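Okay, so here's the structure we're looking at.
Being a predicted model, the structure only gives us computed values, none of them experimental.
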Amino acid sequence: ITEKSNDSLRRSNLIAASQYVDAYWIHFLFSDATKQIIDFESFLRAARNEMTTKHLSIPEFRKFEVRYRNLSWNDYEMCFPFESLYEGQI
(Lines give C-alpha, C1' and ligand atoms only; values in the text may rest on other atoms or scores of the structure.)
Protein backbone atom coordinates (compact mmCIF):
# COMPACT_ATOMS: atom_id res chain seq x y z
CA ILE A 1 0.00 0.00 0.00
CA THR A 2 1.36 3.39 -0.88
CA GLU A 3 1.67 6.24 1.62
CA LYS A 4 -1.24 7.98 -0.07
CA SER A 5 -3.36 4.85 0.34
CA ASN A 6 -2.46 4.67 4.04
CA ASP A 7 -3.55 8.30 4.47
CA SER A 8 -6.81 7.55 2.69
CA LEU A 9 -7.47 4.51 4.86
CA ARG A 10 -6.73 6.49 8.01
CA ARG A 11 -9.13 9.28 6.96
CA SER A 12 -11.93 6.75 6.49
CA ASN A 13 -11.16 5.06 9.81
CA LEU A 14 -13.41 5.74 12.80
CA ILE A 15 -13.42 5.17 16.52
CA ALA A 16 -15.67 2.14 16.66
CA ALA A 17 -15.76 1.99 20.46
CA SER A 18 -14.32 3.72 23.49
CA GLN A 19 -14.47 2.52 27.07
CA TYR A 20 -13.31 3.88 30.40
CA VAL A 21 -10.86 1.40 31.94
CA ASP A 22 -9.62 2.79 35.26
CA ALA A 23 -8.14 5.99 36.72
CA TYR A 24 -7.30 8.05 33.60
CA TRP A 25 -7.14 5.16 31.12
CA ILE A 26 -9.45 4.86 28.09
CA HIS A 27 -9.52 1.92 25.67
CA PHE A 28 -10.18 2.65 21.99
CA LEU A 29 -11.14 0.28 19.20
CA PHE A 30 -10.90 1.68 15.68
CA SER A 31 -12.85 0.51 12.65
CA ASP A 32 -9.71 -1.09 11.16
CA ALA A 33 -9.40 -3.25 14.35
CA THR A 34 -6.51 -1.18 15.76
CA LYS A 35 -6.66 -0.97 19.55
CA GLN A 36 -5.15 1.62 21.85
CA ILE A 37 -5.26 2.07 25.60
CA ILE A 38 -4.24 5.60 26.49
CA ASP A 39 -3.36 6.99 29.91
CA PHE A 40 -4.29 10.67 30.18
CA GLU A 41 -2.96 11.20 33.71
CA SER A 42 0.41 12.81 32.91
CA PHE A 43 -1.27 15.17 30.43
CA LEU A 44 -3.86 16.21 33.01
CA ARG A 45 -1.34 16.62 35.83
CA ALA A 46 0.92 18.79 33.66
CA ALA A 47 -1.96 21.04 32.57
CA ARG A 48 -2.22 24.58 33.91
CA ASN A 49 -5.59 25.46 32.44
CA GLU A 50 -8.47 25.14 34.90
CA MET A 51 -10.76 23.86 32.14
CA THR A 52 -8.36 20.94 31.71
CA THR A 53 -7.31 20.27 35.32
CA LYS A 54 -10.92 19.90 36.43
CA HIS A 55 -10.85 16.56 34.57
CA LEU A 56 -8.50 15.21 37.25
CA SER A 57 -11.78 14.52 39.02
CA ILE A 58 -12.60 10.94 37.98
CA PRO A 59 -16.35 11.66 37.67
CA GLU A 60 -15.53 14.57 35.32
CA PHE A 61 -12.97 12.51 33.39
CA ARG A 62 -15.49 9.74 32.79
CA LYS A 63 -17.86 12.16 30.99
CA PHE A 64 -15.95 11.89 27.69
CA GLU A 65 -17.67 11.28 24.38
CA VAL A 66 -16.61 10.59 20.81
CA ARG A 67 -17.73 13.39 18.47
CA TYR A 68 -16.81 13.67 14.79
CA ARG A 69 -13.80 11.33 15.16
CA ASN A 70 -12.50 13.24 18.19
CA LEU A 71 -12.52 12.53 21.90
CA SER A 72 -14.26 15.39 23.67
CA TRP A 73 -15.35 16.54 27.10
CA ASN A 74 -18.05 19.14 27.77
CA ASP A 75 -18.71 20.21 24.20
CA TYR A 76 -15.02 20.48 23.19
CA GLU A 77 -13.84 22.08 26.43
CA MET A 78 -11.06 19.49 26.20
CA CYS A 79 -10.54 17.58 22.95
CA PHE A 80 -8.08 15.13 21.38
CA PRO A 81 -8.02 14.60 17.61
CA PHE A 82 -8.52 11.19 16.04
CA GLU A 83 -4.97 11.01 14.67
CA SER A 84 -3.39 11.39 18.13
CA LEU A 85 -5.66 8.72 19.59
CA TYR A 86 -5.01 6.35 16.69
CA GLU A 87 -1.25 6.74 17.16
CA GLY A 88 -1.60 6.43 20.93
CA GLN A 89 0.06 9.83 21.42
CA ILE A 90 -1.47 12.67 23.37
Side-chain angles (χ1 to χ4, degrees):
I1 297 177
T2 67
E3 186 174 320
K4 185 174 183 180
S5 295
N6 283 335
D7 287 343
S8 177
L9 288 172
R10 188 170 292 168
R11 279 194 300 273
S12 66
N13 201 353
L14 301 171
I15 298 172
S18 59
Q19 181 178 6
Y20 174 77
V21 177
D22 189 31
Y24 303 100
W25 293 80
I26 300 175
H27 178 262
F28 298 93
L29 173 63
F30 298 90
S31 58
D32 68 354
T34 296
K35 297 177 184 177
Q36 292 287 1
I37 298 176
I38 300 175
D39 182 3
F40 291 82
E41 185 173 10
S42 60
F43 172 85
L44 293 170
R45 295 212 182 274
R48 300 288 180 245
N49 181 327
E50 191 175 299
M51 288 174 49
T52 301
T53 58
K54 79 178 193 178
H55 298 291
L56 284 165
S57 159
I58 297 296
E60 284 296 318
F61 181 77
R62 293 185 69 167
K63 293 179 182 177
F64 68 89
E65 61 184 346
V66 174
R67 299 180 84 188
Y68 307 108
R69 294 183 55 183
N70 300 307
L71 183 66
S72 173
W73 283 262
N74 299 328
D75 198 26
Y76 291 96
E77 184 175 84
M78 182 169 74
C79 179
F80 294 89
F82 168 84
E83 291 79 9
S84 296
L85 302 170
Y86 187 82
E87 296 296 328
Q89 303 293 319
I90 57 165

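More than 12 heavy-atom neighbours from other residues, nucleotides or ligands sit within 6.0 angstrom of OH on Tyr76.
Within the 4.5 Å cutoff, the side chain of Glu83 has no heavy atoms near those of the Gln89 side chain. Side-chain contact check for Phe28 versus Leu71: some heavy-atom pair is nearer than 4.5 Å. Residues Ser72 and Phe64 have side chains not in contact (no heavy-atom distance under 4.5 Å, counting atoms from C-beta outward). Side chains of Gln19 and Ile26 form no contact here, defined as non-hydrogen atoms less than 4.5 Å apart. For the pair His55 and Asn74, the minimum side-chain heavy-atom distance is below 4.5 Å.
Heavy atoms only, all atoms of each residue included: Ala47 and Thr53 are closest at O-CG2, 3.3 Å. When all heavy atoms of Pro81 and Asn70 are compared, the pair lying nearest together is CA-OD1, 3.2 Å. Across all their heavy atoms, Gly88 and Ile38 have their closest contact at CA-CD1, 4.0 Å. Residues Glu77 and Met51 come closest through the heavy atom pair CG-CE, 3.2 Å. The minimum heavy-atom distance between Ala23 and Ile58, with the atom names listed, is O-CD1, 3.3 Å.
The existence of a salt bridge linking Arg45 and Glu41 is confirmed by a sub-4.0 Å separation between a basic side-chain nitrogen and an acidic carboxylate oxygen.
Taken from CE in Met78 to CD in Glu60, the straight-line distance is 9.5 Å, to the nearest 0.5 Å. Within the model, atoms CZ of Arg67 and CD1 of Ile15 stand 13.0 Å from one another, a figure rounded to the nearest 0.5 Å. Rounded to the nearest 0.5 angstrom, Leu14 CG and Arg69 CZ are separated by 6.0 Å. One finds the CG atom of Leu85 at 5.5 Å from the CZ atom of Phe30 (value rounded to the nearest 0.5 Å). In this structure, the separation between CG on Asp39 and CD1 on Ile90 is 7.5 Å, given to the nearest 0.5 Å.
Taking the six-membered ring wherever Trp is involved, the centroid distance between the rings of Phe43 and Phe80 falls below 6.0 Å.
Counting side-chain heavy-atom gaps under 4.5 Å among Ile, Leu, Val, Met, Phe, Trp and Tyr, the cluster of Ile37 also holds Val21, Trp25.
Within the 3.5 Å criterion, the main-chain N or O of Glu65 finds no donor-acceptor partner in the side chain of Trp73.
The side-chain hydrogen bond (donor to acceptor under 3.5 Å, both in side chains) pairs that include a residue from residues 26-38 are Asn13-Ser31, Asn13-Asp32, Asp32-Thr34, Asp32-Tyr86, Thr34-Tyr86, where partners are two or more places apart or lie in different chains.
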